[in-house]
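Here is how names work: the chains are called A, B, and so on, in the same order as the sequence lines, proteins then strands, and each is numbered from 1.
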Number of protein chains: 2
Amino acid sequence: MSDFAKVDIEQMRQSAGDAALMLRSLAHQDRLLLLCQLSQGELCVSDLEVQLGIQQPNLSQQLGVLRREGLVATRREGKHIYYRIGDERVLSLLQTLYGLFCQSPEENGS
Amino acid sequence: MSDFAKVDIEQMRQSAGDAALMLRSLAHQDRLLLLCQLSQGELCVSDLEVQLGIQQPNLSQQLGVLRREGLVATRREGKHIYYRIGDERVLSLLQTLYGLFCQSPEENGS
DNA sequence: TACACATAATAAATAATACTATAATATAGG
DNA sequence: CCTATATTATAGTATTATTTATTATGTGTA
């Protein structure tokens, strides 16, 4: 409830487009779970596959979405490919979402 | 980078589903703009129509999406229907998004 | 060769968009 | 009251795009 929209409408439109683009990548149960896991550290695909119980091609497809948007980055180590968060803004958003959806209402400081 | 996932995987799945649902409503340029406008105070449909330049039925359709998800609430005053933010979590998210997408990098405290 | 992962190529289902038309509600004028 | 008009919502629809799961195949590494 503070000082949004000191910017003009065209800039707002631009920013809203950018934000919507990122939100679209986040607005997916599995991808959100993936990012949560990765927010705690690097993991390779087979780790994620086990933890989330998603079939490999589907998993790879969702990781591809996140990769193309730059939300995750990768590193190869032998036969494994390790994923990590690749955009700091994702961490900010995850923090906010964690507060809103994963913490019990009592521990809210509002 | 703090203490995500103290919750078990099933709770995470549930929370991720809830969060994804809300994010889907936000992940849309026009709806995001609508919410930004409303974050500064009540507005009626025709106000929004002028400010955003969206045709009335389309606008009403997007408002309907937000209404069904409880993200906005309404109040009738004469012939006009005033919309306002109906879920505090939306304000939190807008704040975060504002910081990430609407402020210049220099004014970031990271 | 076999393992780990990515990509491709679908098919099926679902959703988004822009329209036009019409309905519902409220007020104003006669 | 009755009617007209303004504001908003809903319905119907055609078009297009997106998502999802699958199966198959490709690529890089050991």
Practice prompt. Kindly indicate whether the side chain of B/Q61 and the base of D/dA9 share any N or O donor-acceptor pair separated by less than 3.5 Å?
Written response: no

Worksheet entry | Residue pair A/Y82 / A/R76, side-chain donor-acceptor N/O under 3.5 Å | no

Worksheet item: Just checking A/Q55: base, sugar-phosphate only, or nothing, at a heavy-atom cut-off of under 4.0 Å?
Response: sugar-phosphate

Discussion item. For a quick test of reading the model: is some side-chain N or O of B/R24 closer than 4.0 Å to OP1 or OP2 of C/dA16?
Written reply: yes

Discussion item. So, does A/Y82 get its side chain near the phosphate of C/dA4, meaning an N or O under 4.0 Å from OP1 or OP2?
Written reply: no

Discussion item. Keeping A/S25 on the side-chain end and A/L66 on the backbone end, is there a donor-acceptor pair under 3.5 Å?
Written reply: no

Item to complete: Return yes if a side-chain donor-acceptor contact under 3.5 Å exists between A/N58 and A/Q62, otherwise no.
Response: no

Item to complete: Please figure out whether A/E77 or A/D30 has its closest DNA chain D nucleotide nearer the 5' end.
Response: A/D30

Item to complete: Select base, sugar-phosphate, or nothing to describe what B/R31 touches, counting heavy atoms under 4.0 Å on all strands.
Response: nothing

Worksheet item: Between C/dT7 and A/R67, is there an OP1 or OP2 to side-chain N/O distance shorter than 4.0 Å?
Response: yes

Worksheet item: For B/K79 and D/dT5, what is the distance between atoms NZ and C1' respectively, to the nearest whole Å?
Response: 6 Å

Practice prompt. Return no unless some side-chain N or O of B/S46 is found under 4.0 Å from OP1 or OP2 of D/dT8.
Written response: yes

